[in-house]
Amino acid sequence: MVKLSHENFIKSRDYIFANGDEINRAWFRYLFEGNDTNEFLNVLQKYQHENGGFGGIYYEFDYQGPCLKATEIAVKYILNLKEKPPANHPLIQNMMKYILGLYIPEIGNWGEVVVPEVNDGAHCFWVEYSGEAVTPPKDDDERIMNYNANERAWLCGICCVLFRACA
């Protein structure tokens, strides 16, 4: 494995601290300067909205409000922490309420992972809001046929993994 020289490491750090946002600086500090989970969670919590969803940490659209896509990024941070927060941590509790609150029992799945406001600003075409389809499927065959695993399966996985990792 090729490693950065100390000089290049310092240059990289300086670049992140000069050009990165607060969450990237906090992640750098977490990984390379002490692994303080609570310190990182305090920064991550600044990106959590009142409804429990996260915003402002997904860089493929301008929208800064909460949505499932940005919340996915928060979950990735949490799952990569060496010390997981407990399940009763307010950040985890509020996030899980948000994720589970967006589940649509009628279709047996979550809806769109982004909100309509994403389309109002600059965004990559693959994260464009395309409308909510909440018509219940006629049967399990239709449910399976319409299932979008790339965008929805992670939500179920997150619920399971977070409960296990943080329990």
Side-chain angles (χ1 to χ4, degrees), residues 1-103 110 112-129 150-167:
M1 174 194 314
V2 177
K3 293 185 179 182
L4 286 177
S5 67
H6 181 71
E7 179 183 333
N8 285 339
F9 177 82
I10 297 302
K11 285 180 184 178
S12 299
R13 181 189 187 280
D14 291 347
Y15 182 86
I16 290 168
F17 278 73
N19 299 292
D21 56 9
E22 190 173 10
I23 193 71
N24 285 307
R25 290 189 297 269
W27 190 241
F28 182 93
R29 280 189 211 101
Y30 175 77
L31 292 175
F32 299 108
E33 297 178 353
N35 296 318
D36 187 334
T37 299
N38 288 328
E39 194 174 305
F40 178 77
L41 289 174
N42 287 338
V43 173
L44 182 61
Q45 204 157 15
K46 293 177 183 180
Y47 292 84
Q48 189 173 40
H49 292 259
E50 276 188 45
N51 66 1
F54 285 83
I57 56 176
Y58 189 71
Y59 304 112
E60 294 180 358
F61 51 73
D62 284 339
Y63 176 69
Q64 299 293 301
C67 70
L68 287 170
K69 196 64 178 167
T71 302
E72 174 187 6
I73 303 305
V75 169
K76 287 179 181 181
Y77 281 122
I78 293 165
L79 292 177
N80 283 295
L81 293 170
K82 290 179 183 176
E83 179 185 325
K84 308 297 186 270
N88 65 353
H89 190 288
L91 183 139
I92 301 297
Q93 290 289 305
N94 293 333
M95 180 178 61
M96 293 309 298
K97 286 179 189 170
Y98 175 76
I99 291 171
L100 294 173
L102 292 175
Y103 183 77
W110 282 266
E112 285 283 327
V113 295
V114 296
V115 294
E117 293 84 359
V118 165
N119 293 356
D120 295 338
H123 61 281
C124 297
F125 69 87
W126 55 83
V127 289
E128 185 171 84
Y129 179 81
N150 287 339
E151 286 295 333
R152 310 304 187 291
W154 69 268
L155 289 161
C156 184
I158 284 169
C159 294
C160 295
V161 169
L162 276 178
F163 278 125
R164 268 195 150 149
C166 300

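Note that the numbering runs from 1 along the sequence shown for the chain. Computed from a predicted model, the values in this text were never measured in an experiment.
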Residue pair I99, W110: steps toward the side-chain contact (heavy atoms from CB on, under 4.5 Å) verdict: CA-CA 9 Å; I99 291 171; W110 282 266; 3.9 Å; yes
L81 vs Y30, test: side-chain contact (heavy atoms from CB on, under 4.5 Å). Steps then yes/no. CA-CA 9 Å; L81 293 170; Y30 175 77; 3.6 Å; yes
Could you walk me through whether H123 and Y63 satisfy the side-chain contact (heavy atoms from CB on, under 4.5 Å) test, starting with their C-alpha distance in whole Å, then the side-chain angles of each, then the deciding distance to 0.1 Å, before giving a yes or no? CA-CA 8 Å; H123 61 281; Y63 176 69; over 6 Å; no
Pair L44, F54 - check side-chain contact (heavy atoms from CB on, under 4.5 Å), show working. CA-CA 9 Å; L44 182 61; F54 285 83; 3.8 Å; yes
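With contacts defined as side-chain heavy-atom distances shorter than 4.5 Å, the pair Q45/H89 qualifies.
Not one N or O on the side chain of H49 forms a donor-acceptor pair closer than 3.5 Å with the backbone of N51. A donor-acceptor pair is defined here as one N or O able to donate and one able to accept, closer than 3.5 Å; no such pair exists between the side chain of N119 and the backbone of E128.
Contact record, I78 with M95: CD1-CE, 3.8 Å, taken as the closest heavy-atom pair. Annotation for G55 and A70: closest pair CA-CB, 3.9 Å, computed over non-hydrogen atoms. The minimum heavy-atom distance between K76 and N80, with the atom names listed, is O-ND2, 2.8 Å. Residues Y59 and D21 approach most closely at OH-OD2, 2.6 Å, considering heavy atoms. When all heavy atoms are compared, the tightest approach of I57 to I23 is CG2-CG2, 4.0 Å. The two residues V115 and P66 have their closest heavy-atom pair at CG1-O, 4.1 Å.
Between L4 atom CG and I10 atom CD1 the span is 10.5 Å, to the nearest 0.5 Å. Between the CG atom in N42 and the CG atom in D36 there is a gap of 8.0 Å [rounded to 0.5 Å]. For the atom pair N94 CG and M96 CE, the distance stands at 11.5 Å (nearest 0.5 Å). Annotation: the span from Y98 atom OH to E50 atom CD amounts to 13.5 Å, rounded to 0.5 Å. A distance of 11.0 Å separates CG in N19 from CG in N24, rounded to the nearest 0.5 Å. Between the CD atom in Q48 and the CG atom in L41 there is a gap of 10.0 Å [rounded to 0.5 Å].
Taking the six-membered ring where the residue is Trp, F61 and Y58 present tilted rings, their angle falling between 30° and 60°.
In this structure, F17 has its ring center under 6.0 Å from that of F28.
Salt bridge annotation for K69-E72: present, with a cationic side-chain nitrogen under 4.0 angstrom from a carboxylate oxygen. The pair K46-E22 meets the salt-bridge criterion, since a charged nitrogen lies less than 4.0 angstrom from a carboxylate oxygen.
In this structure R13 satisfies the salt bridge (Lys or Arg N to Asp or Glu O under 4.0 Å) test together with E33, sequence neighbours excluded.
Residue F40 forms a ring pair (Phe, Tyr, Trp, His ring centres under 6.0 Å) with just one option from F32, Y47, Y77, and that option is Y77.
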